[in-house]
Protein chains: 2
Amino acid sequence: MPADPLSATFFALADPTRRAILARLAQGDASVKELAQPHEMSLAAVSKHLKVLESAKLISRGREAQWRPCHLEPEPLRDLNAWLESFRQFWDRNLDGLATYLQTLQQNAKKPGE
Amino acid sequence: MPADPLSATFFALADPTRRAILARLAQGDASVKELAQPHEMSLAAVSKHLKVLESAKLISRGREAQWRPCHLEPEPLRDLNAWLESFRQFWDRNLDGLATYLQTLQQNAKKPGE
DNA sequence: CTTGTATTAAACCGATAGGTTATCAACCAT
DNA sequence: ATGGTTGATAACCTATCGGTTTAATACAAG
């Protein structure tokens, strides 16, 4: 699992099983068994996925007797949004007017050199 | 490189070098050599990173004589935003009013079972 | 204290990430 | 033709991923 937080977040999200787990947790906390149930893999495998999500701080876990309920944590998603935000002018069609204007400015600033 | 597009996107972004390359491309197209210059690794390594970015469709490449100028492509970032959007109620503090209301609704819908 | 349940840990395995160096291919300029 | 430059590819290496199976742990209930 990558060292820097943003890489850890992206890494954790680069797996469909882990994203499915997050989607499930978006509807409320859940136990490991509960989270594993929809997936065709061993409980141990899911446990590992949870470890990845936890180390990326995308989830936290409580204790209730022998259960370790998982809870979705918002902070890394906020950071992800902030990163994405820094590219917004490139993908947000609603910013087309300003964006394409800035783009052409940049392109023209480069062209003279060629 | 993962098969499904969203995983491929997250995977490609889970590396600081690749994110740095994208950040550079946000300021305009660039050649491979230009992209490699700030990084302490071989050109071949950067070429591999570009291959990953390209296979995730985060960049496209043109041809100009012996140069293969790289260009940032917005679509996967849009998809990423759409994914993030589906979790917005969990991380966007500006939606606190509605979100926490919905949250408590969900929690209360679960509680009776315990 | 034994048994059942929930979860983690350990050891293992095949595949692949991410780097290296060396070679190859395409193109431009003499 | 012969180089120089740009870039991709191949072969290789080590570390890690994502799964397995098999224990080990923690707790609750008889």
Side-chain angles (χ1 to χ4, degrees), chain A residues 1-22 24-25 28-56 58-71 110 113-114, chain B residues 1-4 6-22 24-25 28-71 110 113-114:
Chain A
M1 309 125 188
D4 75 290
L6 199 46
S7 295
T9 302
F10 278 121
F11 172 82
L13 295 175
D15 182 286
T17 303
R18 291 194 288 262
R19 289 198 306 279
I21 288 172
L22 289 190
R24 165 62 189 80
L25 288 176
D29 296 2
S31 73
V32 177
K33 198 189 179 191
E34 214 171 335
L35 292 171
Q37 182 259 320
H39 303 284
E40 291 180 351
M41 67 182 68
S42 69
L43 218 84
V46 172
S47 191
K48 279 191 185 182
H49 281 303
L50 292 174
K51 203 173 174 181
V52 171
L53 290 170
E54 187 180 22
S55 80
L58 280 159
I59 66 170
S60 61
R61 339 177 61 156
R63 289 177 174 277
E64 270 188 55
Q66 68 259 215
W67 292 274
R68 307 290 317 277
C70 297
H71 177 77
K110 285 236 135 186
E114 91 172 34
Chain B
M1 309 124 187
D4 75 291
L6 199 46
S7 296
T9 303
F10 278 121
F11 173 82
L13 295 175
D15 181 287
T17 302
R18 290 195 288 262
R19 289 198 306 278
I21 287 173
L22 289 189
R24 165 63 189 79
L25 288 176
D29 296 1
S31 72
V32 176
K33 198 190 179 193
E34 216 172 332
L35 291 172
Q37 182 258 320
H39 303 284
E40 291 180 350
M41 65 181 69
S42 70
L43 216 82
V46 171
S47 192
K48 279 192 184 181
H49 281 304
L50 293 175
K51 202 171 175 181
V52 172
L53 290 170
E54 189 181 21
S55 80
K57 299 189 197 300
L58 279 158
I59 67 170
S60 62
R61 343 178 58 156
R63 291 177 174 276
E64 270 188 55
Q66 67 259 215
W67 290 274
R68 307 291 316 277
C70 296
H71 178 76
K110 287 236 136 186
E114 92 173 30

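Quick note on labels: first sequence line is chain A, next is B, and so on, each numbered from 1.
Among the nucleotides C:dT8, C:dT20, C:dA17, the one closest to any side-chain atom of B:A45 is C:dT20. Of the listed nucleotides (C:dC27, C:dG19, D:dC27), C:dG19 has the atom at the smallest distance from the side chain of B:H49. With distances taken from any side-chain atom of A:V32 to the nucleotides D:dG7, C:dT20, C:dT7, the minimum falls on C:dT7.
In terms of phosphate contacts, B:R68 brings no side-chain nitrogen or oxygen within less than 4.0 Å of OP1 or OP2 of C:dC27. At the phosphate of D:dT20, OP1 or OP2 sits under 4.0 Å from a side-chain N or O atom of A:S42. Between A:S47 and C:dT7 there is no side-chain N or O to OP1 or OP2 distance below 4.0 Å. Look at B:R18 and you'll find a side-chain N or O under 4.0 angstrom from OP1 or OP2 of C:dG18. Contact check, B:S31 against D:dT6: no side-chain N or O comes under 4.0 Å of OP1 or OP2.
When atom types are taken as modelled, the side chain of B:R18 and the backbone of B:L13 share no donor-acceptor pair closer than 3.5 angstrom.
Atom P of nucleotide C:dA17 and atom CE of B:M41 are separated by 16 Å, given to the nearest angstrom. At whole-Å resolution of the value, NZ in B:K48 and C1' in C:dT20 are 8 Å apart. As a whole-Å value, the separation of B:D15 CG from D:dT16 P is 15 Å. Computed from coordinates, the B:K51 NZ to C:dG19 P distance equals 15 Å when rounded to whole Å.
Residues of residues 52-60 of chain B that place a heavy atom closer than 4.0 Å to DNA chain D do not occur.
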